[in-house]
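Quick notes on the structure that follows.
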Amino acid sequence: MPASLSRVQSQSRLRGIGGLTLAEFLRWFPWRVLVFAASGVAVLVFARVVWAAEENAKLAPLLYIFFSLWVAVLVLSTVATTQGAVSSEIEEGTAAWLIAKPIGRPAFVLSKFAGAIPAVLIGMVGIPGAIARVVLKRAADNGDTDFTAAQVMDVIANSSSRDEYMNLPSMSRYLGLLALIGTLMLLVVAVMILLGCVVRAQTAVLGLGIAAPVGLLLVGQLAPTAVAELTPGWVLTSIVDIISDNPAPVLAPILVTVVWIWVTLAGAVLLFSRREL
Amino acid sequence: MAAPALEIHDLNKSFGRNEVLHSIDLTVPQGSICGFLGPNGAGKSTTMKIVMGLLRPSGGRALVFGRDVHRDGVGARAQVGYLPQHTRFHPYRNCREVLSYVAHLYPGRRPASELRELIDEKLDAVGLADKANRRAGALSGGEAQRLGLAQALIAEPALLILDEPAASLDPHGRQQVLGLLDGLRGHTTVFYSTHILEDVQRVSDIVAILANGRVAALGPIEDLLEAPTGGWTVRIAGQVAAAREHLEAQPWVSSLTTRVRGDQELWTVDVTDDGTAAELMLPLLLSDESCDVMEFHRAERTLEDAYLEVVEASHGG
Amino acid sequence: MSTVTAHIEAHGQPAIAVHGLRKRFGRTDVLHGIDLEVPRNSVFGFLGPNGAGKSTTMKILVGLLRPTDGSAAVCGLDTVRDSVAVRASIGYLPQDSSYWRHLTVRGVLAFTARRYLDGSRSDLRRHVDDTIEQAGLSSLANRRVAKLSGGERQRLGVAQAWVGRPEVLILDEPSAGLDPEGRHEILELLDRLREQATIFFSTHILEDVERLSDTIAVLDRGRIVASGPIDTFLMGETGQYSLTLNGSSDGFLAALAEAPWVDSVEPTAETTWNITVTDRTAAEHLLLRSVVGHRDVQVVDFRPARRSLEEIYLELTEATAQAADDQAADEQGPAVVE
Amino acid sequence: MAAENRDRAGARPSRLLPGLTGLLRGELSRWLGRRGLVHFVLWSAFVQGLLVWNTLGDDTNPMRDWRGFDTLIHLWWIFLPLAAIALSQNAIIEERHNDTAPWVLSKPVSRSAFVMAKILGDLIGLFVFAILLQGVAAYVWLPKVDPAQGLPFVRPEFVRFVAVIGIETLILAFFIVLSVMLSTVFRRRGPVAAIGLVLWLVTWQAPGRVIKDFTFGGLITGELEGPGFKALTEYLVFEQPLDPVSSVFGTAVLVVALTAAATLIFRREQF
């Protein structure tokens, strides 16, 4: 060993998380992120086509169609993309390769999550959200066909809708909506990581992954409010309320969900550290 | 009379711009056991995969009992039992179920009772009788290899194509597999690849050596083992450095390679004059009181030497 | 002299120490309490039939499996309690190695090196390049893992185990699936590493063990059936040598038979004799010198009458297989009566 | 034994899709084991459970607007494509990942038979557990109970019921074949599942005449908001003519085309 190099000293159970997170991050950037951003835009175009076909002059249905479809597409495609995050590394034997290195098992699990955060927030939610804001604003302004840079800046900076009966959410509310969606996606990622640590069969990982958000939706709608507000279902309810132009809290459901994300990840860490490879 | 078990004419295969096989010709007569040798990446597995219809040839053709593997792939494969290099089975089936599954993929029906007997017989032959109900996913590497052999045999094919049948087997298992192949001599043709040259020496009739995508040697094994080598082997212990220098300085020593074995050294001494070496080398070494000679004899030629020569020659050509 | 004790005295704790290690999968016992000690800076060959539990033992050492009972320590650290620290001193090559398919050979090594070593970016890069060259991977450095052949992948496997410069190398069948050239290269590579690391490796190719290891252990059905320095295995208790001579040797042989350290001299072929000695050290020093002293005779072939490791191995494992069958029969006996 | 060998060697494999029976036998044997049990339990719980809950629910039940057989159609539409995607995305990719695909294909079986066995295996399994068993059970018990509110359910005409089961099977076949086809194109599960799932979502609100008239989009979509599986519900519950019939043919054509594409693409794959 050359004298200029020294042994890594840390014996923490999080040892190696930096390098692993970077490697995870590079799986998302740039291609997956671009595909997610593009599919967000595609949903937007699709929603506009449906909206136009219905000859509906109001903005509300467009908002509703776009956001409900977009969130559903995001959830399902994230489930599909992350189904193998842990389980296929175990299946292919790369998990054994990594764990034979001086890497803490918790670091392996948590890096899966940490590496996905920027991709989720920027690629999945941020970019399509910003583009949607521009397009929705244009729809709200009714009729302009071409963009200028000044117009785009105006749309981003100016938070209120000029047309009273189109109800484009204010900028702060819109950002709150995006934050809710982002939190929901992070929860989905955490749940898929947990499932990968528990279930062996790929079909079951995907099946349970799809069933989980559906279950959340049901809980959010059916359970008594007091119970529902202790679950991440609250985020979904809030999202639905905002896009239906009803008043809804933003911060509280996010906090509740963040707690759930940590619980989920803690479960994943615990299960993975007992897993034989 | 009958068509050869396997006939390969002018076979080419390229992956993109990388040419793996350069017009191979090879004939394996019926009833023979042919060992297929060559370095990693020489194209052995590629050749076998083309015969099994898993890869498309870029040119030329391969025939199994006269049937073209490309045009009548199913007909050709019906005659063949194949063991891929990395055998893995559906993990949810147990050994017995794997064999039954494979048996049903071949044409021709067998009554259930006969099939059961056949499965037991093959499991026994490869030494898996006591693991018949173990899930394929829970088999160790060597056990999976045995099951792989059993599934290649299950349809009692006229030609066996085995890609490294003895790899990852323990010495017992290897002996068992070699015994099994030996027992097939006469009524089943076997074409198998391996890196363990000892095995080839024990059971093959013919050897084909593939190097750099070309057949570098083909023929009976005895032909390969004829030429002798010119070196001597010395195992020496003690303060050997001076002795080595002294020996290397001799005009009749052309080269000396050293391998360290614990507190001893193993030398291979190539000489220009064998008679002088036989006469002078040992007294010369022993004149140095600080070292002892543990072993002294002519280097022996093995199939390994023959193999390495053929392969190196083909690299040069 | 026992090299093992000498090593332990010289270097403190053994590189690997395993005590009463048991492992059970479901209802199957794979390891029945094994004990093992690998001295530092030795090359330790781990032998045994398929399914004996070699890979399981190795996986426990690197923390991929949890022991059911007993303990294992690497460089004095417990493999369960100090798992991360243990793995920091181990380079491991699994039986079926796989890496992220999207990485290149250099990528795998750079990623692995950074798990073990700290240093400037350029120093690390130089270090990785050195390892690539040592492992003979220079021409493949930029090839993707997915495109490697079996032999190339195996060389990468040894390189990634070594790139962190660990104190202990645990290699599960490092030469499996390699052609003779590739095997030579790997063995030579390991031979060069023996000065710098303890090597604990399993294999089925007994020739490799004979070439490389100082010490061996044979595992069969989850039990260690034999262990010790390789020479004691190969030579047995008494020294026997085979000697082939050229020339008139009768007088010389008669004199030799009289030497105090010679037990017997028996012809085995026309010019070949089997010499049994009572004192190996004396024989090693004097036997050949006594021949060279005679002008009329010339040594054509001299070697210890070693048994092949394969013979010994087959004897050992067959004996335990027999014992296990007997035991099984005994266990069944009373059950039938009940 | 040598004589027997020659006999067996002489046995010609069947012309059409050689090896299909053996392969399909292998696929179906999986359904007879744990997989079948899991599916039986899950489908019974989801379909019958939600039917019961919906039927006996009171005013607070958010799905109170749905009627009995309408609900059945709705539940099928939600769960069948999801199950088909989850199951079939794995069918070929799993064999590729495990290296079992080249092993199986080295037997005297054709590549097309391999693909067809995957499609038929999943189709038959899901048809039995998800459509047939659940449909028959609902057909028998639904008309016999009094819902907590509203009118009792009328048992639909048998022929219409059979036709609806046929159409549901066709939709199921579409998603299975789509997933299998995609998995001959992509190596990873992610894109296969993602494309299938997004397509499923999008057809909820299928725009445009072409999609409505010539795919199953016309059978399952209705208004933008709320459950409105107009065509099939009207056909089954209100005994209207099936409109548009072209949707059924269009879907069948898609299934055939995707199957052809899957086999053609898979035939070119090298292992």
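The structure presented is a predicted model; accordingly, all values stated were derived computationally and were not measured. First the proteins, then the strands, lettered A, B, ... as listed; each starts at 1.
At a threshold of 4.0 Å, the pair E164(B)-K44(B) does not count as salt-bridged, since none of the basic side-chain nitrogens sits closer than that to a carboxylate oxygen. Look at R211(C) and D208(C) and you find no salt bridge, because none of the NZ, NE, NH1 or NH2 atoms lies under 4.0 Å from a carboxylate O.
Only the side chain of L197(B) comes within contact range of chain C, with at least one heavy atom under 4.5 Å from a heavy atom of that chain. Neither the backbone nor the side chain of E152(C) comes within contact range of chain B, judged by heavy atoms closer than 4.5 Å. For E289(B), the parts sitting under 4.5 Å from any heavy atom of chain C are the backbone and the side chain alike.
Residue V269(B) is tested with L285(B), T258(B), L256(B), T233(B) for a side chain to side chain contact (heavy atoms under 4.5 Å, CB included); the sole match is L256(B).
The residue among L47(C), L243(C), L286(C), V300(C) with the most heavy atom pairs within less than 4.5 Å of chain B is V300(C). The residue among E188(C), H184(C), E173(C) with the most heavy atom pairs within less than 4.5 Å of chain B is H184(C). Note: P49(C) leads P49(C), A176(C), S55(C) in heavy-atom pairs under 4.5 Å with chain B. Per-residue counts of heavy-atom pairs under 4.5 Å with chain C were compared for S287(B), P283(B), A167(B); the largest is that of P283(B). Of the listed residues T244(C), N50(C), V43(C), the one with more heavy-atom pairs under 4.5 angstrom with chain B than any other is N50(C).
A 4.5 Å side-chain heavy-atom check between R183(C) and H195(B) finds every atom pair outside the cut-off.
Under a cut-off of 6.0 angstrom, the local environment of CZ in R135(B) is crowded, with over 12 non-hydrogen atoms contributed by other residues, nucleotides or ligands.
The closest side-chain donor-acceptor pair between D199(B) and T194(B), if any, does not fall under 3.5 angstrom.
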